[in-house]
J.: 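For reference, the structure I am asking about is given below.
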Amino acid sequence: DIQMTQSPSILSASVGDRVTLTCRASQSIAGWLAWYQQKPGKAPKLLIYKASTLEAGVPSRFSGSGSGTEFTLTINSLQPADFATYYCQQYSTYSYSFGQGTKLEI
Amino acid sequence: QVQLVQSGAEVRKPGASVRVSCKTSGYNFLTNGFNWVRQAPGQGLEWMGWINTYSGNTKSAQKLQDRLTLTTDTSTSTAYMDLRSLRSDDTAFYFCARDSNWGTFDFWGQGTLVTVSS
């Protein structure tokens, strides 16, 4: 199975900051990577798929990049609504797998 | 609009089984597969399995494949997750998530808390 590792586990930032979250795969997944945002008590929300394609309705301050084994999620000009936990997910092969998450806190 | 509505919270004793349902509306049920994802309290997301709503084919995480059964009822546009031989570490929120047909999860149910306790 493919292992996904996110860093950092916790990231402290302020409104208006630019932040970058990292996700690494244990083997190449080409560009088959998605990012999700989850707020407490809620289901995750799809933000980005195919490493860099923004899901409809997601603000343009979110962007993704990477391929192979190294991927990043960048959020420009953090807004209060962006403080949440972010998960990456590989869908290159079954079993699909998630990273352990990065909690973005104020 | 696409909606996925899950059944309510369940409490089971170790060794018992549980069924969680996920009723859909707002789209053609047969055009998208379903994934099931669980999340232990305060922990990360764990993919459990996938079902093709048209063919009934399934894929499961290796650690769960002996205990997990995924099914659908196309007449009611509902997906089901059955987990048997429950253990305390199966205590979690269980989510259904529609597959975009590319492997991403574009719509989610609200989650169902399953508590396993003696």
Side-chain angles (χ1 to χ4, degrees), chain A residues 1-10 21 23-25 29-58 62 64 71 73 84-105, chain B residues 1-7 9 20 22 24 27 32-52 57-68 70 79 81 92-113:
Chain A
D1 291 0
I2 298 175
Q3 309 302 319
M4 306 300 292
T5 303
Q6 292 184 240
S7 60
S9 295
I10 301 173
L21 288 60
C23 176
R24 291 185 174 88
I29 57 171
W32 303 113
L33 185 101
W35 290 95
Y36 298 83
Q37 176 192 68
Q38 187 180 31
K39 296 183 179 180
K42 299 293 187 182
K45 173 188 174 183
L46 177 62
L47 298 177
I48 287 172
Y49 59 95
K50 278 203 295 184
S52 60
T53 303
L54 222 55
E55 176 74 347
V58 174
F62 290 89
F71 301 86
L73 171 69
T85 300
Y86 293 84
Y87 294 93
C88 61
Q89 176 230 344
Q90 68 81 16
Y91 52 103
S92 172
T93 59
Y94 290 110
S95 301
Y96 294 158
S97 50
F98 292 90
Q100 82 280 14
T102 291
K103 183 179 181 181
L104 179 56
E105 61 179 26
Chain B
Q1 70 282 22
V2 175
Q3 287 193 310
L4 282 61
V5 179
Q6 298 184 220
S7 49
V20 178
C22 176
T24 73
Y27 75 102
N32 295 78
F34 265 92
N35 293 276
W36 288 87
V37 175
R38 69 180 181 178
Q39 185 172 37
Q43 302 301 309
L45 303 169
E46 178 185 13
W47 179 79
M48 300 176 67
W50 164 88
I51 183 167
N52 181 313
N57 289 343
T58 61
K59 299 277 188 184
S60 298
Q62 190 168 8
K63 65 178 285 191
L64 294 172
Q65 61 186 12
D66 291 340
R67 301 193 292 131
L68 178 67
L70 302 180
M81 185 282 298
F93 287 91
Y94 288 76
F95 293 97
C96 60
R98 193 183 81 162
D99 197 302
S100 64
N101 290 333
W102 289 96
T104 58
F105 311 157
D106 57 0
F107 289 92
W108 294 67
Q110 81 275 19
T112 297
L113 177 61

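Each chain gets a letter, A, B and so on, in the order its sequence line appears, and its residues count up from 1. Everything quoted here is computed from the prediction, not taken from an experiment. Quick note: numbers below take in every heavy atom, side chains included, and nothing from hydrogens, waters or symmetry partners.
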J.: Does the ring centre of A:Tyr86 sit less than 6.0 Å away from the ring centre of A:Trp35?
T.: no
J.: Could you walk me through whether A:Tyr94 and B:Trp50 pass ring pair (Phe, Tyr, Trp, His ring centres under 6.0 Å), step by step?
T.: CA-CA 9 Å; A:Tyr94 290 110; B:Trp50 164 88; 5.6 Å; yes
J.: Could you tell me whether a side-chain N or O of B:Thr112 sits under 3.5 Å from a main-chain N or O of B:Ser7, the two making a donor and an acceptor?
T.: yes
J.: Name the member of B:Gln39, B:Gln62, B:Gln110 that forms the most heavy-atom pairs with chain A at distances under 4.5 Å.
T.: B:Gln39
J.: Answer with yes or no whether the side chains of A:Gln89 and A:Tyr36 bring together a donor and an acceptor at under 3.5 Å.
T.: yes
J.: Against chain A, label B:Phe95 side chain, backbone, both or neither, depending on which of its atoms sit under 4.5 Å from a heavy atom there.
T.: side chain
J.: Identify which part of A:Tyr96 has an atom lying under 4.5 Å from any heavy atom of chain B, answering side chain, backbone, both or neither.
T.: both
J.: Is A:Pro40 close to chain B through its backbone or its side chain, or both, or neither, when contacts mean heavy atoms under 4.5 Å?
T.: neither
J.: side-chain contact (heavy atoms from CB on, under 4.5 Å) with B:Thr24: which of B:Val2, B:Leu4, B:Asn32?
T.: B:Leu4
J.: Given a strict heavy-atom distance threshold of 4.5 Å, which part of A:Gln90 is in contact with chain B: side chain, backbone, both, or neither?
T.: neither
J.: For A:Lys50, is it the side chain, the backbone, both, or neither that has a heavy atom closer than 4.5 Å to a heavy atom of chain B?
T.: neither
J.: Examine whether an atom of B:Ser100 lies under 4.5 Å from a heavy atom of chain A, and if so say whether it belongs to the side chain, the backbone or both; otherwise answer neither.
T.: neither
J.: Is it the backbone or the side chain of B:Trp102 that comes under 4.5 Å from a heavy atom of chain A, or both, or neither?
T.: both
J.: Just do the side chain to side chain donor-acceptor pair (under 3.5 Å) check on A:Thr85 and A:Gln38 with the steps written out, would you?
T.: CA-CA 5 Å; A:Thr85 300; A:Gln38 187 180 31; over 6 Å; no
